[in-house]
Each structure stands twice: as C-alpha cells, then as structure tokens.
Amino acid sequence: MAKSVLVIGGGPAGLGAARILGKLGIPTILVEKEDRLGGNPILNHYHTLIPRKLKPEQVLGPYIKEVESNPNVQVKLKTELTACEGEPGSYKVTLSNGETHEVGAIVVAKGFEHFDPRRKGELGYGLYPDVITNLELEQMFSREGRLYRPSNGQLPKRVAFVFCVGSRDRQLGVTNVHCCRYGCALSGLQAMEIKQHYPDVDVFCYYMDVRTYGTWEYPFYWAPQEQYGVRYVRGRIAGITYSPADGRLRVKHEDTIVQRPAEVPMDLVVLVLGMEPSAGTKKVAKILGLAQDPDSKFLVPSEESGSNIISNKPGIFIAGACKGPIDIESSLAEGEAAGAEAAAFVGAKVTV
Amino acid sequence: MGVIGKRVAYYPGCSLEGATRAYDVSTRIVARELGLELDYLEDYNCCGAMESKNVTFMGTLLLNARNMSLARKQGHDVIVAPCNGCSFSLQRAEYFLQTDSKIFERVNSLLKEGGVDLLDKIPETYHILEWFYHEAGPQKVKEKTKRPLRGLKVANYYGCLYTRPHFYARTYSHAGGQSEEARPRRRETADDDEHPYYMNALFEAAGATSVEFEPMHTQ
Amino acid sequence: MDVSGDWNLIILPRVINDYDLDFAKEVMSLPEGKTMIQCYQCSYCTASCPVHNYWDERYNSRHFIHLARLGLIDELQKRADVMWRCVSCHKCTHRCPKGVLVEEVLKAILKTMAKKGLIDEYPSKKFDKFFTESVLEYGRIEDGELLFGWIEKQGYNVVKDPILKKPIPFLGETPEWLKQLVMKPIKSMNISFLVLNAKHMLFHPRTKNWNKFKQVLRKVVQEEGGLT
C-alpha cells in the first residue's frame, strides 16, 4: 500500500490537494489550524470571488464536502505541524496535538495574510471609521448586504478605492514590493457591485497602473468604466484626512494626468490590501527547510523545475498563495496538481 | 468585383457643382466609359460637412437623412459620393441611424414633419474610388483607356476622410462595446485604412506613374 | 524679504478641491459624447493628432477627455484658446483602441462648455455658424459666396454688385494668402467653369422643396442651441 501524504492548510490549495489525493485512494492527513475548512475565503466571509463571480460557498463548498466525506482523508482541525524529520519518501512529522505520522510526501498550502493597513498611518485606517479595507467591504456585502458609512450608517455619495495599500511599497521594507495581483480586478468587481445596487453612488479608483491581466481586462477594467461609469484616476493616495466641517474625508493625491495636487471629498474610502505570506507559511518553511524569497518571504519553487509547485525538497510540494499572490481558482488548480504530484511521488498506481 | 452595384445614386455635393466642376464632369465620363451608371440625386441638399456637425447634431443628421430619403425614392440602396467630406457625412449619419434606434425614430418623425419621405431603409454610402475599384477595377480601366497617361507623374493624395474613421457605416454598433458585434470592424470594400492604394492602382492602370508620397497622402 | 514676487504664487489655488461630475454627465448625454466613458487614457489619439504634433502640444485630446470626465472645469478653461483647433482629420477616432469617437467627443465637450457659458465664442465656431446658416438658408452652399462672404465678415472691404449686393471676387480688398491660393488654379481653369461659378455666385444654387424642411431644421438647431 502507498504511503500517506500530509497536506498542510485547509484553504483552497490544501482542499484541492486533499480532494485529488482522496480520489486517488491515497491515505491523506489534512491539517488546518482553524476550526473549519475553507481558508481565507470562508473564514473571512468573502462575498464574490474573481474572476467568475461565484460565491465562496459555491466554489469551496463541494470541495469541503468531498474532503470531509472521503474515508481516505483524515481532517485534523485546530492542528499545526510542529516538527519534521527523516528522508524524502518517509518523513516523520509531529503535529501540535502530539500525534506523529510517517508520510511519504507533503503538500504545503499555508496561504497568505491580508496586509495590516495600520502600518500605513497616513491613510488614517483605524482613525477614521469611514476608511475601511476591501476585506471589510466584502464583509459589509456578505454579512449585511448593504453599503453604508460606518460613521453614520448612511449611504455614501462617493466611494474611493485606494489601490496598492501594502503592495509595491519600499517604505514597508523589502517585504512588500510585490504586486498583490488580485486588487485591481477585485476593486473593479466591488465597484461594479456598488454601482449595480446604488447607481447614483460615484465610484473612483485611484491607481498607479491597472493590472487586470490576461482575460480579466474586459470584465474587471473595461466593464466597470464602460457599463457602470466607474472613474479611474491615476495617482497614489498620499494621505487621507477628515474635515469636521462637512464630515467627509479628503483623499490627497496628485492627479498625475493633470499634474495638479488634489484633495477631493469622499464619503467612504476602501483600501485595497496587499498580500503577505502568512505566519504559518513562514513557520512551515523553517520546519521543512523550504526555500523562501529573500525579500517577500514567500516560498519559491525549485530552481531545477519548470513547474512552480515543485519545492526545493524532494517529496514536498507547494501550492497556492504561500508562494505568492494568486487567485482562488488557480489556487485550487495548483492544489490539485500538487496533490497529483504527491500521489505519484508516493507510488500510487492509477489505472485508467 | 461587383459587390456594390453597377447602378447607384450619385450624390455630387455642392462643391462639385461649383468650384470643382471639372471633377464632376470627369467623374460622369469615366463612369460612363467603364459601363457604370450614376443616377443623379435630384434636388439634393448640402451634407453639412464638418461645420454644421460642429454646430448641430440632429440638424446634420437630418440633412443627410433627407439625401438618403431621396436616394430611396429613386429606388437605390447605394449612394456614391466623390467628395471625401460628403461620403464621410453620409456614412456618419448612417452609423448613428443604424446604431441608435431612438435617433432613427426621431429623424424619421422629423423627416415626416418636413414633408420628406420616410426612410424605410438606410442606404449605404461608398466613396467613388471604392466604387470604381470594386465595380470596374484596374483591369477594366486599362482596357478602356484610349490615351494612356504615359509620362504623367501623379502624387495620389487621398485626404483625411477617405479612409477615416473606418467604422462609420454598417459595421459597428457602439453602445458601450460589450457584445461581439460591437467591436469596430472595417467595411469589407474599404481601401487599406493606413496605406490606401485604390487611386494609385487606378491611375497606374491608366498609364500614369505614381510617385512615392507616403505618409503624406492621408495627412 | 522676497522681492521676486514669487511668493505670490503660493496663494494661487492649485489644489483641486472637487470634481464637477454633472459636466461629464451632460457631455455623455449628447449622442456624440456617449463614448467618452470608454477612454482609458492610452493617448493613442494624441500621439496621432496633427494639431498636437505640429501646432501646439497644449492641444491634447486625451487630456481634454480626462478633464471633462472628472469635471475639472478650470483646467478645461485654461485650454479654451486651443480646444477648438481640431482639424477633423479623424485620426483619433480611427485609431482609438477603445472605440471612443474622439473627434465627436471633443466637439461634445466644446458644445457643453459653450452651453454652460464656460468658453467664449471661439473662432472656428464663428465660421461653423456662418456655414450652417448658409446651408439652412439655401439647402446648398456656394464656395465663392461662402469664401468672400466670410472675408467680408472678417472686416475686408469687398466690392459688391449694386443689384444683388453680393461680393464680387477679387475686386475689393482680398487677403494675400487667398490671392496666391486661388490664382493658380483659376489660370488653368476652363472658361466655361468660371462663367458657371460666377453665375452661381450671383444666383445661389438652391434646393427646391426646401422651405418646409428648412422650418424643421431651424427648429431642431434652435433646440440644440447651436446657432446661439
């Protein structure tokens, strides 16, 4: 019988891996530090996912169900990896609940964390209630189903999206110079959702570049402008202030096209947060000796491999946002690829 | 060849009956010699050119819709205009009439008010070069040439509006550009938009020599 | 003490304090201004524009669209002296990757500015109105009459025939550029064409059955406020 496989992380990538391993008949241990599966999209109550505009439950629900009901997969919640010894092909792993297991391969899918906007003090997050994060906007949609200003509960007349908060920013150190990859597209989607429900709200996106790459260009950049009249203004927001006179915020920036400074009133400002490797990713990288990007600390694939799910350690595969910003459908696909690779590594014989 | 029609409505435009009378005379002769028929648009009015379009949107549309209506009355689906400005104006009107049903309805009701026949169908407008090229073509021009323009050096100047903008007319429905049909597409009979050659080809067929003139010939 | 006077600059308002979003709404409510919303500021239009390239870089179609979309009226007004300089070559509209009818949009912006009293009557509009008046009146234009009528309007002392009171070409004051422009083709012109042109100048070609249609046209133009 084939050796078992350990999957670390119960988010999209981990679910993808565990699902395919279970299907292939490989004994699989899925460890998740939180008390439920699903990762960030489920735990943080995302509203609509890019690029296919599905709900997190629609996308991840079937995966969770399949993983939980597959007898080959043991799901261990509130559990983390604490130590690992041994050779490729027979790793002895210790978990936080005291158990030890011998596994043939490991899939690492420890994911990312949202940037903490308090680190950008000039944006006034935490100081002004009407400065919120795009995550909070998602939760406003998913939990309350309406748009409002936290300061007074009323509908804002104007909403500003501030791109690249915690991304592409050397002031935060070398750790945050990368692009978050999802922010432009998600902002386009959120802006469209606002306009769909509140056509009279004016929405502004303050950008440096708009990186709705590939096929995302039309649905998340052109459509917000052409169909919903969302306005894009080129210029990074350098500060957010509050005017007690009218109770509105001022977004301070240079309109780089006009080449003039601007302080424009806004009712609600949404900070588009960057992605950072999660604490768990960094911890697991240390335990397993995985290569990390010296700057961002995201995991990096093996230099010899063309595929980005192969780590520098034989028998250890990496998938999803632990190795850099990624969207959810790609995360699932990477997880499945990593799961299949792990199955092949432990000697699964699959007949067609 | 032969995609536009051998018998078309002929809209000369104001200038061809005034300062550029010579162009009108030669156009008619050339068409006749090539076995094509130009049916003079009786009692036409000015296309409005750039000037009236800058002043009034609906007025300019009406001016052109009246000419279209006359062409329909004379039984034509196709209008040919030898003037760049006129063919532009008609094509522009065609574009707005075809892409916006509200505008079309308004124009029709105003035509009625002005005592002009309603537009049952929007005729298509072609530039005379396009028409000559597709209905006769260089080969026919060569055959019919009696005194070749041997030794005549020609700088073929096409002007601004001969090829631009390429999607005014029957290929583009705008309204935000969402659907597949909404993408700008070139009219199939249109000349190459950035490097037109119909006039070069026709003149060379008549024995003249085209001189190198790019990129000025569409400036 | 600052004697350069530069310190005065500091009190000029440079900060954009707000947008005038109604302006953009009004531009886009015009049929020719609708596509303004599609612009993504790539500047393909401006790079193609002969006015920008060969005349004045302050004429920048992409920039005008940006300003109009945000309603930065003061910036638009700063460029009022160049905004009407479009030569309608349509390179912008032809090449725009987003399908913006750039030439039409710019005219829509100008129209909106004029309507809101944000721009004085600009030189090109004077001619546009003069031309359109002639079209409305006769149904057709006559090149010679248009040209010399315009020259008369510019303050040149033209000679008119005593009966019909129409300007007679080249008899009175004529701008030098026009003499040079016209003399060469006229010399090589068939005499019968010259006679015809002279006849047209005296007896303006008219569209028959025009009167009823003219009324409708005038009504429409008046509604749009084009000739005011």
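Keep in mind that this is a model prediction, so the values were computed, not measured. Just so we're on the same page: letters track the sequence lines, and every chain starts at 1.
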*Rounded to the nearest 0.5 Å, what's the gap from CG on C:L70 to OH on A:Y232? Could you check?*
13.5 Å

*Once you round to the nearest 0.5 Å, how far does NE2 of C:H63 lie from CD1 of A:I257?*
8.5 Å

I want to check something: taking the side chain as every heavy atom from C-beta on, are [X] and [Y] in contact at a cut-off of under 4.5 Å?
{"X": "C:E75", "Y": "A:R260", "answer": "yes"}
{"X": "C:I37", "Y": "A:Q227", "answer": "no"}
{"X": "A:P265", "Y": "C:D18", "answer": "yes"}

*Stepwise, does the side-chain contact (heavy atoms from CB on, under 4.5 Å) test hold for A:R250 with C:N17?*
CA-CA 9 Å; A:R250 296 285 185 280; C:N17 286 314; over 6 Å; no

Between [X] and [Y], what is the shortest heavy-atom contact and its length?
{"X": "C:Y19", "Y": "A:M266", "answer": "CE1-CE, 4.5 Å"}
{"X": "A:R231", "Y": "C:A24", "answer": "NH2-CB, 3.7 Å"}
{"X": "C:I16", "Y": "A:V264", "answer": "O-CG2, 4.2 Å"}

_Given heavy-atom pairs under 4.5 angstrom as the criterion, report whether the side chain, backbone, both or neither of C:L67 touches chain A._
side chain

_Using the rule given for side-chain contact (heavy atoms from CB on, under 4.5 Å), can you reason through A:D255 versus C:L72, listing the C-alpha separation, both sets of side-chain angles and the distance that settles it, and then say yes or no?_
CA-CA 11 Å; A:D255 186 324; C:L72 302 177; 4.2 Å; yes

Tell me whether the count of non-hydrogen atoms from other residues, nucleotides or ligands lying under 6.0 Å of [atom1] in [X] goes above 12.
{"X": "A:N152", "atom1": "CG", "value": "yes"}
{"X": "A:K252", "atom1": "NZ", "value": "no"}
{"X": "C:R218", "atom1": "CZ", "value": "yes"}
{"X": "A:E144", "atom1": "CD", "value": "yes"}
{"X": "C:Y44", "atom1": "OH", "value": "no"}
{"X": "A:E122", "atom1": "CD", "value": "yes"}
{"X": "A:Q171", "atom1": "CD", "value": "no"}

*Begin from the C-alpha positions of C:K98 and A:W222 and carry the test side-chain contact (heavy atoms from CB on, under 4.5 Å) through to its verdict.*
CA-CA 9 Å; C:K98 286 278 255 139; A:W222 292 24; 3.4 Å; yes

_Parallel, tilted or perpendicular: ring planes of C:Y40 versus A:Y221, cut at 30 and 60 degrees_ = parallel

*Main-chain N/O of A:V258 paired to C:H66 side chain as donor or acceptor, under 3.5 Å*: no

